[in-house]
Amino acid sequence: MAGAGALKAEASGGMPPLLRRLLQVVPVLFGIATLNFLILQLAPGDVVDVLAGEAGAATPETMAELRRSFGLDQPVWLQYLRYLGQLASLDLGHSYRLNLPVRELILTRLPPTLLLMVSALLLAILLGSLAGILSARRVGGWLDTVVSGVTLLSYAVPTFWLGLMAIVLFSARLGWLPSGGMLTIGAGHSGWALLRDIAAHLVLPAVTLSTFYLAVYARLVRSAMLELHGADFIRTARAKGAGEWRITINHAFRNALLPMVTMAGYQAASLLSGAVLVETVFSWPGLGRLAYEAIRTRDLNLLLGILFFSSILVVIVNIAIDRLYGLVDPRVAPGASRA
Amino acid sequence: MSATTLSPPRPLAWIGAQPLAVLLAFAVLALVVSWSAAPSLFSSHDPFLGLTAQKLLPPSATNWFGTDHLGRDLYARVVQGTWSSVTSALIATLIGLAIGGLLGLASGFLGGWVDTVIGRLIDMLLAIPNFLLAVVIVSAFGFQTINVAVATGVASVAVFARLMRSEVMKTSTAVFVEASVLVGGRAAHVLLRHVLPNAYRSVVALAVLQFGTSILTIAGLAFLGYGDPPPAADWGLLVANGKDYPSSPWLVFAPATVIVVTVLAINRISRWIRHAA
């Protein structure tokens, strides 16, 4: 098969795989941009209507003047080309409500969202794997029953309600954790105290966001582990005298990693969706919260910017995950020779 | 008659052979559908009439789920809100199933450049966070239940298309399908007689599962203030309103429990469809 691999590389001009992958992304981004433009065109009213409504009153002359200054009097295809050109130069437009460039708004809100998403995903992967491994060790045991019960339940519980309940229990009743925000306002912490403050604020939203994914990973790892039950290499390891835990972690669990990585790719988009609700419930100052504010003020331009930007984020995460495959499983590494 | 004879199954015996949880799930679904179809049959209270003297009462024999801050019966409001919470989820699922199913079918069955184009389209849709997409569509076209349903449906097209495509591709390469093509079966015949009957089960299971997910999505949208404005009674909106009265926890618990039980039932039915022989 080495020959076929070489042929393939030649056919694509001998490009490095990463570059080829990046080129594949272009039509996807182009499609998302087109969808955005379609929504913008089909939506009743335009920016000028909104601004006029804001001002209370506007003469038809002023509105025509404004339309000209935004380029809205030009034919649709020209507006479309201009829109694509703007996006290509990473200009996401202007939020007429907040009077700031959309890109700037998004970039300031990005770090909290990334922090929340990464913590939730790590939590889900770690605890989910643990739950999956433990319940696969004794199928039908009490732990297995509890885990599958919680899994079923977490597929049916609305995230926002879970967040509300967490606030009621851990903030209002017990007073252990703060109920919202990312920092204690006015505390002026720095260094360690600041990190501890952020961590305390992070716990509830991260746990709330992770619950659903935790259940997904628990189920995935459980079934992956059960599939390997009785596999030849497991029997060999046992025959060599490897301990049960060593077999579980080093031999069986390693094989469950690949489906987990695939799953993480699928979930990048869904995590961003979940972040909208969780950030709203916990007033976490991220992209989701920004989207919620944009909804309230009907700032469509900002919303479309967030949608476009988060789609790019998902695409980037998926490229990163493609790279990760090779690390997790040498058999699928791009340079690996296939027997 | 012994159990091993191959007589056609009698409906009653067949029903009795299903797991209890599945029967319960169907009962829950039937109740919710009836709430949706004829809300006035299920509650004697007026969901919009507030009696301020009876505000924030805990659950009792007369007010099963208690009353809200305006003295409206919460049970009546939950029943009233079923239509916009559940029927819109059903519409959303049907939209996703119709568009996504057709795309997946065309892509998997025709192959070639059609498959390439649709495959890219699915890739693109999968990269868009679907809740955000629904939010954007509703913001652009107006806060109404029907827009919420359409937005949720459009956001689920990719999932259906992906599954339908892989199922159709799987069956299209099966030996009996190839045989049918070789003996001269026309494309429409092969598709309707051989490919679809073998591909539909997992797609139907996904549709039922997606129905539950859509209920959660629509509840989330209503929680954020989408959908019809108050005094509408979407389940998500009821939870959002109830959270402002922490001393009356039933205002949050009752609608949330109804959501959870409904979705649990639907998920159980989906699993039953996937595994039932």
Side-chain angles (χ1 to χ4, degrees), chain A residues 24-25 27-32 34-36 39-40 42-45 152-153 155-162 164-165 167-168 172 212 265-266 268-277 280-281 287-288 291-292 294-296 298-300 303-304 306-308 310-315 317-318, chain B residues 116-117 120-121 123-143 154-155 158-159 162 209 212-213 215-226 235-236 239-240 242-243 246 249 252-253 255-257 259-268 270-271:
Chain A
Q24 283 173 0
V25 163
V28 173
L29 292 183
F30 181 74
I32 295 169
T34 309
L35 185 72
N36 265 3
I39 294 176
L40 207 55
L42 291 176
L152 282 183
L153 207 58
Y155 283 149
V157 172
T159 325
F160 57 88
W161 181 66
L162 207 61
L164 287 178
M165 291 300 101
I167 292 177
V168 167
F212 174 79
Y266 285 144
S270 133
L271 263 172
L272 264 169
S273 288
V276 179
L277 281 167
T280 305
V281 171
L287 273 185
Y292 179 67
I295 297 163
R296 304 238 84 162
R298 303 211 170 188
D299 195 338
L300 194 55
L303 265 181
L304 286 173
I306 295 173
L307 186 68
F308 185 71
S310 25
S311 309
I312 296 182
L313 201 63
V314 172
V315 171
V317 168
N318 274 296
Chain B
T116 314
V117 170
R120 280 275 163 266
L121 192 71
D123 274 356
M124 179 200 105
L125 287 174
L126 283 175
I128 301 178
N130 52 16
F131 190 77
L132 260 182
L133 179 62
V135 160
V136 170
I137 295 179
V138 180
S139 308
F141 298 100
F143 292 24
V154 169
V159 192
R162 186 175 59 185
L209 194 67
T213 314
I215 291 182
L216 289 180
T217 306
I218 287 170
L221 286 169
F223 178 77
L224 290 184
Y226 278 89
W235 294 348
V239 174
K243 77 177 194 306
V252 170
F253 270 105
T257 310
I259 297 176
V260 172
V261 170
T262 309
V263 178
L264 268 181
I266 290 171
N267 288 355
R268 186 67 190 84
S270 167
R271 257 193 308 150

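Each chain gets a letter, A, B and so on, in the order its sequence line appears, and its residues count up from 1. Just so you know, these numbers come straight off a predicted model, no measurement behind them.
- Counting all heavy atoms, side chain and backbone alike, Leu216(B) lies closest to Val157(A) at CD2-C, 4.3 Å.
- Ring-plane geometry between Phe160(A) and Phe223(B) is classed as parallel, the angle between the planes falling under 30 degrees on a 0 to 90 degree scale with a further cut at 60.
- The distance from the OG1 atom of Thr213(B) to the OH atom of Tyr155(A) is 10.5 Å, given to the nearest 0.5 Å.
- With contacts defined as side-chain heavy-atom distances shorter than 4.5 Å, the pair Met124(B)/Phe30(A) does not qualify.
- A 4.5 Å side-chain heavy-atom check between Trp161(A) and Val252(B) finds at least one atom pair inside the cut-off.
- Residue Val317(A): no heavy atom, backbone or side chain, is found under 4.5 Å from chain B.
- Only the backbone of Leu126(B) comes within less than 4.5 Å of a heavy atom in chain A; its side chain stays farther off.
- Annotation: maximal heavy-atom pairing with chain A below 4.5 Å, among Val239(B), Ile215(B), Ile266(B), occurs at Val239(B).
- The contact between Pro158(A) and chain B is made by backbone and side chain atoms together, counting heavy-atom distances below 4.5 Å.
- With a 4.5 angstrom heavy-atom cutoff, Asn130(B) touches chain A via backbone and side-chain atoms both.
- Neither the backbone nor the side chain of Ser270(A) comes within less than 4.5 Å of any heavy atom in chain B.
- Within the 4.5 Å cutoff, the side chain of Leu271(A) has no heavy atoms near those of the Pro129(B) side chain.
- No side-chain heavy atom of Leu152(A) sits less than 4.5 Å from a side-chain heavy atom of Arg268(B).
- Here Ile137(B) contributes atom CD1 and Leu35(A) contributes atom CG; the two are 7.0 Å apart, rounded to the nearest 0.5 Å.
- With rounding to the nearest 0.5 Å, the separation of CG in Leu304(A) from CG in Leu132(B) is 10.5 Å.
- For the atom pair Asp123(B) CG and Ile32(A) CD1, the distance stands at 10.0 Å (nearest 0.5 Å).
- When each of Thr159(A), Leu153(A), Leu277(A) is checked for heavy-atom pairs under 4.5 Å with chain B, Leu277(A) comes out on top.
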